[in-house]
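Worksheet for the structure shown next.
Just so you know, ligand 1 is whichever comes first in the structure, and atom 1 is the first atom listed for that ligand. Numbering starts at 1 and runs along the sequence shown.
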Amino acid sequence: MNSLRQKLFFGYATIVALVVALSLLSLIELRLLEQKIVAGERISQFFDISLEIRRFEKNYFLYHQDEDLAENRAYVHRARALLAEHADVFTVLSNVARVTKLGDDLDRYATLIDQYAADSTASGGAIAGRIRAIGKEIVTIAEDWSRVERKELQAQLDQQRLILFGSVSCIGLAVIAIGGLLARRVLRPLKEMERKMKEVASGHRAKLEMSSEEREFKSLTRAFNHVLHELEAHQRQLVHSEKLVALGTLLSGVAHELNNPLSNIATSTQILAEEADGEGAPDGAVAFRRELITQIDEETWRARHIVRSLLDYARDRDFHHEALPLAALVEDTLRLIRGQIPASIKIVVQIPETLAASGDRQRLQQVLLNLVRNAADAMPDGGEVRIVARLTREPCLAQPPERLVFGQCTGEDEALEIVVGDNGSGIAPATLPRVFDPFFTTKDVGKGMGLGLFIVFEIIEEHGGCIAVESKAGRGTTFTIRLPLEKS
Ligand code: ADP
């Protein structure tokens with residue numbers, strides 16, 4: 001029972017069961033009490049009748065009035081009828097033998113009264129004595145029963161009071177126990193959660209970890225950690241974007257500043273080269289001067305190439321959004337660099353003719369150029385570059401440990417997936433997270449500037465897509481791009 005809901009339900013069900021059971025018990029007790037009261041009425045009725053029998057007996061003995069005799073007989077009759085009708089009530093109080101004896105006493109009493117009425121002279125004195133003795137006996141028994149009945153009624157009332165007290169105590173204890181359980185299972189974890197959330201907020205804790213085993217708290221913790229994770233990702237993205245904006249501003253400033261002096265150096269070097277073979281100079285000196293000038297020229301061009309790349313990146317070119325048949329776009333791009341790719345590298349393209357990307361032609365070409373160029377650089381001894389594309393609805397690019405995803409992909413809508421893979425040198429796990437950083441390169445000085453993947457990422461992000469890189473050192477690298485389709 002690892003759920004609060006189940007525990008609460010169980011707690012309340014216990015209380016309800018307890019209340020129902022105790023109410024039933026009280027009902028039974030009340031019913032018994034009711035029966036006792038009815039029995040009490042019968043007994044006091046019998047007691048009253050027995051007193052009346054004696055009263056009219058005494059009157060008859062004193063005044064010999066026929067009315068008193070008639071009343072006496074009527075009450076004896078009533079007493080016998082009551083005894084016969086409610087024998088069960090009377091046997092409960094004493095025993096069957098005593099009740100039978102009382103019945104016999106009443107019969108004997110009636111017979112003696114009849115005898116006394118018929119002959120009140122000679123043996124009347126002796127009969128009267130027997131009548132009195134039996135009458136007294138009847139009253140004594142009725143009195144006894146009356147006393148016992150009162151006692152039992154009192155005992156019943158005491159028991160009822162005890163049950164009421166017990167019921168209230170039981171329900172009170174159950175409520176306290178359930179309250180305690182709730183406090184332990186809900187309030188304590190809530191307090192713990194509040195404290196740990198504060199620790200997360202103050203940076204002392206990376207994520208929320210709860211000791212409670214309750215399912216509700218587990219799912220709340222999971223949801224909180226998920227939100228935390230999402231917030232961190234957004235924050236990282238934000239910081240990254242801000243850094244890039246600042247970097248862009250810096251780069252464009254530096255590039256503009258460097259562009260002019262470099263142009264001047266280039267022009268001056270050209271002029272100097274033309275004048276290097278001036279008259280009278282020895283042959284060796286001319287060759288040396290020419291070599292130096294050529295070096296200056298080459299380095300200047302390299303510097304200008306770098307500056308142009310920076311300017312290309314920093315310049316805010318207009319974004320032309322259009323539908324681009326993907327197979328044709330890839331073919332055009334490959335035509336541009338075919339000359340720079342060694343023959344030992346085979347390029348395999350598998351793109352259905354119907355697929356189209358939605359975006360800026362130049363920028364997407366730039367992406368493909370950079371990826372294919374990098375793949376070729378990673379295969380100095382030859383290999384294969386595969387470019388594959390498809391439409392997919394699969395959830396966002398997953399993140400297994402060896403695959404890193406950059407950019408925002410919701411994975412909700414259908415997207416265009418372009419995969420550029422190679423079987424080259426691969427990327428070491430430690431290097432993998434840095435490949436998209438600006439100016440990160442593992443290539444020799446002069447061969448790589450570290451801006452290729454950075455620009456790729458920028459462009460993909462501009463298109464609202466995401467990119468993942470997956471690599472195994474020595475086995476090859478795969479870049480997977482997801483681009484949103486144009487919504488019609
Ligand atoms: P550059 O090519 O100028 O070095 P990039 O940003 O294009 O800059 O690439 C950064 C680094 O990522 C490269 O220096 C290389 O180490 C690594 N890299 C990129 N693509 C591949 C690939 N296909 N195979 C192996 N390593 C790669």
Report, one line per pair, each donor and acceptor closer than 3.5 Å where one atom sits in a side chain of residues 173-188; sequence neighbours left out.
residue, atom, partner, partner atom, Å
R185, NH1, E214, OE2, 3.1

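Within 4.0 Å of ligand 1, heavy atoms belong to protein residues N374, A375, A378, D422, G426, I427, V435, F440, T441, T442, K443, G448, M449, G450, L451, G452, L453, T477, F479.
Put simply, the side chain of Q366 never gets that close to the backbone of I455: no donor and acceptor are under 3.5 Å apart. With hydrogens and angles disregarded, no donor-acceptor distance shorter than 3.5 Å links the side chain of N225 to the backbone of K207.
Checked against side chain to side chain donor-acceptor pair (under 3.5 Å), N423 has no partners two or more places apart in sequence or in another chain. Checked against ring-ring contact (aromatic ring centres under 6.0 Å, His included), H463 has the following partners two or more places apart in sequence or in another chain: F319.
Defined by atom type and a distance below 3.5 Å, a donor-acceptor pair is missing between the side-chain atoms of E417 and T480.
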